[in-house]
Structures are given as structure tokens and as C-alpha cells.
Amino acid sequence: KKFNNYKKVNYPNIIRKNFLPGQLFYLNNENEIRIVCKTSDKLIEFLDFKGNLVSIDFENNPQKIKSIDPEKLQNIEAFDKNKNIIFRGDFCKIMSGINRLCFGVIQLIKENKLFVALNNNEKNKNLKIILVSCNEILLVFQRKINYDNFIETPLFSIKLIKKGPFKGYRGKILSIDSIYIEMEILSNGKTIKIRKKDILG
């Protein structure tokens, strides 16, 4: 994909459609990967592997960016606090710092550091993205993110079940593939697996 210059466009619309927390981008060049942390009508906040936060105003300071297909990135392995092998997409638990005991999904691993999307909000636009060391997490279970479905049906978003034995219940999305969704029922904490077509939204 070529770098896209978003000058002279409808910025709120571009941001809503193209920049979701947890998505990966190159900013200005392909030497450094950044992850989207927060968005507003004009601003996009990116985090890099050095822990730097950069807020870009696309209207007054247009930037050249390039979206990244995570499936084409090498899925580098690493080890958690207990020396369990971990990969991008695994569900983990933060063991230190202000986010201690929070759960999240590993978005990318690089040089013993990783981006994690924390499971602490109902809406994808409010996902908290953090940078931690591999020895600050514990593996909960391994799974693979399907990134096309991740954008279509965001992780940890709340959906209503419209069909089947759990019709009318609301649940939190835990994992997604092309056919099925694994979700946690909010009312009783039970984890179920249902077809994507059986939920609203």
C-alpha cells in the first residue's frame, strides 16, 4: 500500500473509518511501527515501542501514514514472567504497574516488549493500549486474532445475541474467526461459542 496523505478531507469521517485503537501503522516511514491509542474528531494518538506518545492533528499537520497488515508481520515469539511462550494474539494478565491484574490481548511483540489492548472497556474506541515488557505479563491462554474480524467486530465490544438458546443476552467478545465468536455472557460470566450471524451488529 502507498502512503496516504489525508490533507483536504473530512477528518472526523476518515478517523472513524480508518483509525481504531489497536491498529498498527507506519508513520512517515517504514522503520518504526506505531499503534493507535486514542482518537477524536481531529487527533490520533500513536504509541511506539520506546513508550513515546505522539498526537497528530491531521487537519493542521497532515502526515503521511501507511497501514500495516498484521498478518504479514512476522509473529515473533517471546516468553512471559513464568517462561511460557507467547505470541501476538494471546490473552494475558498484567502483573505489575498501574494496570496490574488487568487482562488483555497481545497486539504485537518486539525485542521483549509488547503492545497490549486491555480488556477494561465496553467500546473499542475506549480500548486502553499499553506498552509492557514480556516479563510483566502472564499467559492466560493462547489464541489467534483474525484482524479483518477484529475491525468488523472489535474485541471486548458488547453485543446482543439475536438467535439461539442465549437469545436476548448480552455478551463481551473474547475471540473471533470467520464463522464463530467466543463471548462472555455479562449476566452470569459464562463463556459460549456462537455463530457470528447470531449476534446483532
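Hydrogens, waters and symmetry mates play no part in the numbers below; they use all other heavy atoms, side chains included. Predicted, not measured: the structure shown is a model, and the values here were computed from it.
Separating the CG atom in L160 from the NZ atom in K167 is a distance of 9.5 Å, to the nearest 0.5 Å. Taken from CZ in R34 to CD1 in I68, the straight-line distance is 11.0 Å, to the nearest 0.5 Å. With values rounded to the nearest 0.5 angstrom, F115 atom CZ is found 11.5 Å from I109 atom CD1. We find the NZ-OG1 distance between K172 and T191 to be 11.0 Å, quoted to the nearest 0.5 Å. In this structure, the separation between CG on L24 and CZ on R88 is 8.0 Å, given to the nearest 0.5 Å. Between F46 atom CZ and F19 atom CZ the span is 5.5 Å, to the nearest 0.5 Å.
With contacts defined as side-chain heavy-atom distances shorter than 4.5 Å, the pair I192/M183 qualifies. In this structure, the side chains of L139 and N82 stay at 4.5 Å or more apart for every pair of heavy atoms. Within the 4.5 Å cutoff, no side-chain heavy atoms of L108 are placed close to those of I35. At a threshold of 4.5 Å between non-hydrogen side-chain atoms, the residues D48 and I33 do not count as touching.
Residue I76 is not grouped with residue V116 when hydrophobic side chains (ILVMFWY) are merged at heavy-atom distances under 4.5 angstrom, including chains of intermediate members. In the hydrophobic cluster analysis, where Ile, Leu, Val, Met, Phe, Trp and Tyr join through side-chain heavy atoms closer than 4.5 angstrom, I199 is grouped together with I185. Residues V140 and M95 fall into different hydrophobic clusters, defined by Ile, Leu, Val, Met, Phe, Trp and Tyr side chains chained together at heavy-atom separations under 4.5 Å. Both F49 and L53 belong to a common hydrophobic cluster when Ile, Leu, Val, Met, Phe, Trp and Tyr are linked at side-chain heavy-atom distances under 4.5 angstrom.
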Please assess F79 against N84 for the test side chain to side chain contact (heavy atoms under 4.5 Å, CB included), listing each intermediate value before the final yes or no.
-> CA-CA 5 Å; F79 297 92; N84 297 306; over 6 Å; no
Take I94 and I130 through the side chain to side chain contact (heavy atoms under 4.5 Å, CB included) test and state the conclusion after the steps.
-> CA-CA 10 Å; I94 311 300; I130 63 171; 4.0 Å; yes
Passes side chain to side chain contact (heavy atoms under 4.5 Å, CB included), N52 versus L47? Steps please.
-> CA-CA 6 Å; N52 299 317; L47 175 68; over 6 Å; no
Check step by step if side chain to side chain contact (heavy atoms under 4.5 Å, CB included) holds for L118 and N99.
-> CA-CA 9 Å; L118 294 184; N99 299 297; 3.5 Å; yes
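Side-chain atoms of E136 and S96 include a donor-acceptor pair closer than 3.5 Å.
For the pair I137 and C92, the tightest heavy-atom approach, listed with the atom from each and the gap, is CD1-CB, 3.9 Å. Minimum heavy-atom separation, Q23 to F25: CB-CE1, 3.8 Å. Across all their heavy atoms, Q107 and A117 have their closest contact at NE2-CB, 3.6 Å. Taking each heavy atom of A78 and C134 in turn, the nearest pair found is CB-SG, 3.6 Å.
Geometric assessment of K193 against the ring of Y180 yields a positive cation-pi assignment under the 6.0 Å and 45° thresholds.
A side chain to side chain contact (heavy atoms under 4.5 Å, CB included) with L114 is found for one member of D80, L131, I86 and no other, namely I86.
Within 6.0 Å of the OH atom in Y169, the count of heavy atoms belonging to other residues, nucleotides or ligands does not exceed 12. The environment of K81 atom NZ is sparse: at most 12 non-hydrogen atoms of other residues, nucleotides or ligands sit within 6.0 angstrom. For K162, the NZ atom sits in a packed shell: over 12 heavy atoms of surrounding residues, nucleotides or ligands are nearer than 6.0 Å.
Between F103 and F91, the ring planes lie parallel to each other; the angle is under 30°, not in the 30° to 60° tilted range.
For the pair S40 (side chain) and L43 (backbone), a donor-acceptor distance under 3.5 Å is present.
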